[in-house]
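A short worksheet on the structure shown next.
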Amino acid sequence: MDSTALPSQNAGMAGYRELLDATISHLEGLQESGERLIEVDRLTLAGLMTKAVRLKPGADKAPVLAPKTTPGERQPAAAAVPRSLPSGAAARWNRAVAGSGPANRIPGPAVSSSVTPGPAGAPAPKRDPAAKEAAMNDLRRRAAECIRCPHLASSRRSVVVGVGDVNARLLFVGEAPGADEDRQGEPFVGAAGELLTRILVAMNLSRDQVFIANVLKCRPDTPGQSHGNRKPTPGEMATCLPWLQEQIEILQPEVMVALGATAVEGLLGRPMSITRLRGQWQDHRGIPLMPTYHPAYLLRSQSPADKRRVWEDMLAVMERLAMPISERQRGFFLPKP
Ligand code: URA
Ligand code: URA
């Protein structure tokens with residue numbers, strides 16, 4: 001692609017659209033003739049993306065480039081969670097959580113309402129809750145315009161930053177938004193998300209008492225496919241990680257849970273065997289990190305033993321947070337005698 005073909009700053013929207021249409025049809029022609037990769041220099045790509053994110057949503061139809069929603073515009077979570085689940089898993093989690101009572105705030109020390117300076121090298125001082133909120137909102141605004149991965153910026157509908165209480169003690173980190181999350185702008189709202197919600201309820205928690213985020217904020221694109229997900233590449237994870245790191249600095253969670261092998265890889269910086277690592281406390285920049293299986297894996301495996309393993313990991317998290325645990329909770333997912 002030739003960068004001289006870009007519209008000039010004062011070219012009208014019609015001219016821009018004409019060029020865009022011509023570019024798309026040229027690319028489609030190449031694709032039909034079997035081309036899978038084209039070379040575009042960084043400057044050209046950056047120029048295209050900059051133009052695209054400047055478009056006002058709805059002011060012009062440039063569906064392949066313009067982000068359609070921002071996290072601020074997302075639908076309420078209640079409406080977003082699908083009602084259906086693959087049968088076995090839902091039923092078991094349902095049974096486990098029946099009678100577990102209303103969710104309570106995670107007990108424990110409240111976040112101090114002022115910033116207390118700490119000695120050099122000590123953990124960062126606790127932030128004011130309102131300051132955390134403001135910092136996260138600022139991050140959301142900046143992330144909504146991120147084009148560090150131009151291919152993802154051009155295919156996404158939302159930048160899925162995260163959801164929950166910025167003052168939560170517990171942070172869950174997943175892999176990347178899927179199609180449902182991309183559409184709704186909220187992490188873990190599809191089938192895996194519904195299972196995560198049930199796991200939280202079994203812990204006597206709700207989604208708004210924890211914070212939920214992903215290593216990748218954009219859905220990994222699946223060119224030429226109408227559905228399906230793919231694992232983020234190491235390059236995508238490295239590029240996106242500063243967003244999650246900044247979130248962790250804002251949230252200052254007491255405990256983190258990494259959901260699945262990819263989240264562990266993103267957080268610890270190298271590929272690891274989740275089957276070997278799960279259940280064993282790790283350290284992420286001074287914050288205890290519990291690796292466990294991804295809920296999507298549980299939905300696929302349908303293995304009672306794996307569910308018990310995840311549940312034991314969550315019991316360890318609850319103990320670490322000094323949350324009350326009932327005898328009934330301790331027995332969830334044990335084989336029937
Ligand atoms: N799987 C993830 O890892 N994250 C989501 O947000 C949804 C599904
Ligand atoms: N294998 C994975 O890749 N992820 C899991 O969560 C469990 C097994």
Side-chain angles (χ1 to χ4, degrees), residues 69-71 74-86 89-90 93 136 139-140 143-144 146 149 152 155-165 168 170-200 206-208 210-222 225 227-234 236-237 240-241 243-244 247-248 251 256-268 271-272 274 277-278 284 289-301 306 310 313-314:
T69 57
T70 64
R74 67 179 188 268
Q75 300 165 21
V81 178
R83 294 287 145 243
S84 63
L85 245 196
W93 281 105
M136 190 66 78
L139 182 149
R140 283 185 195 284
C146 182
C149 305
L152 302 187
S155 59
R156 75 187 175 211
R157 294 171 62 138
S158 323
V159 177
V160 182
V161 173
V163 70
D165 181 0
L170 180 54
L171 168 64
F172 285 82
V173 178
E175 176 175 319
D180 294 313
E181 290 76 20
D182 179 52
R183 213 173 300 119
Q184 295 171 32
E186 180 168 330
F188 284 99
V189 291
E194 185 150 336
L195 182 52
L196 176 62
T197 304
R198 289 180 201 285
I199 293 171
L200 288 172
S206 61
R207 284 170 69 94
D208 55 13
V210 298
F211 201 89
I212 305 172
N214 284 308
V215 171
L216 226 67
K217 307 305 182 195
C218 295
R219 181 182 184 221
D221 61 346
T222 50
Q225 270 174 253
H227 58 76
N229 293 317
R230 72 163 169 86
K231 188 183 142 137
T233 65
E236 288 166 344
M237 287 198 273
C240 200
L241 206 58
W243 289 119
L244 180 62
Q247 283 184 295
I248 294 169
L251 295 163
M256 292 168 49
V257 173
L259 297 165
T262 307
V264 172
E265 179 179 340
L267 283 166
L268 298 183
M272 313 259 246
I274 185 73
L277 213 63
R278 67 138 282 279
H284 179 80
L289 171 73
M290 175 56 76
T292 196
Y293 291 152
H294 195 288
Y297 169 77
L298 288 184
L299 290 174
R300 280 198 307 274
S301 103
D306 280 340
V310 169
D313 300 344
M314 295 306 102

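As the structure lists them, so they are numbered: ligands from 1, and atoms in each ligand from 1.
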query = Are any of the side-chain heavy atoms of Met237 and Thr262 separated by less than 4.5 Å?
reply = yes
task = Would you confirm whether Gln247, through its side chain, and Leu139, through its main-chain N or O, come within 3.5 Å as a donor-acceptor pair?
result = no
query = Are Thr197 and Arg207 close enough that a side-chain donor and a side-chain acceptor fall under 3.5 Å?
reply = yes
Polar side-chain atom of Ser158 near backbone of Asp182 as donor-acceptor pair, under 3.5 Å = yes
query = Name the residues in contact with ligand 1, where contact means a heavy atom under 4.0 Å away: which are they?
reply = Gly174, Glu175, Ala176, Glu181, Pro187, Phe188, Asn214, His294
request  = Measure from the side-chain N and O atoms of Asn214 to the backbone N and O of Glu175, and report whether any donor-acceptor pair falls under 3.5 Å.
outcome  = yes
ask   = Do the side chains of Leu244 and Lys217 get nearer than 4.5 Å, heavy atoms only?
value = yes
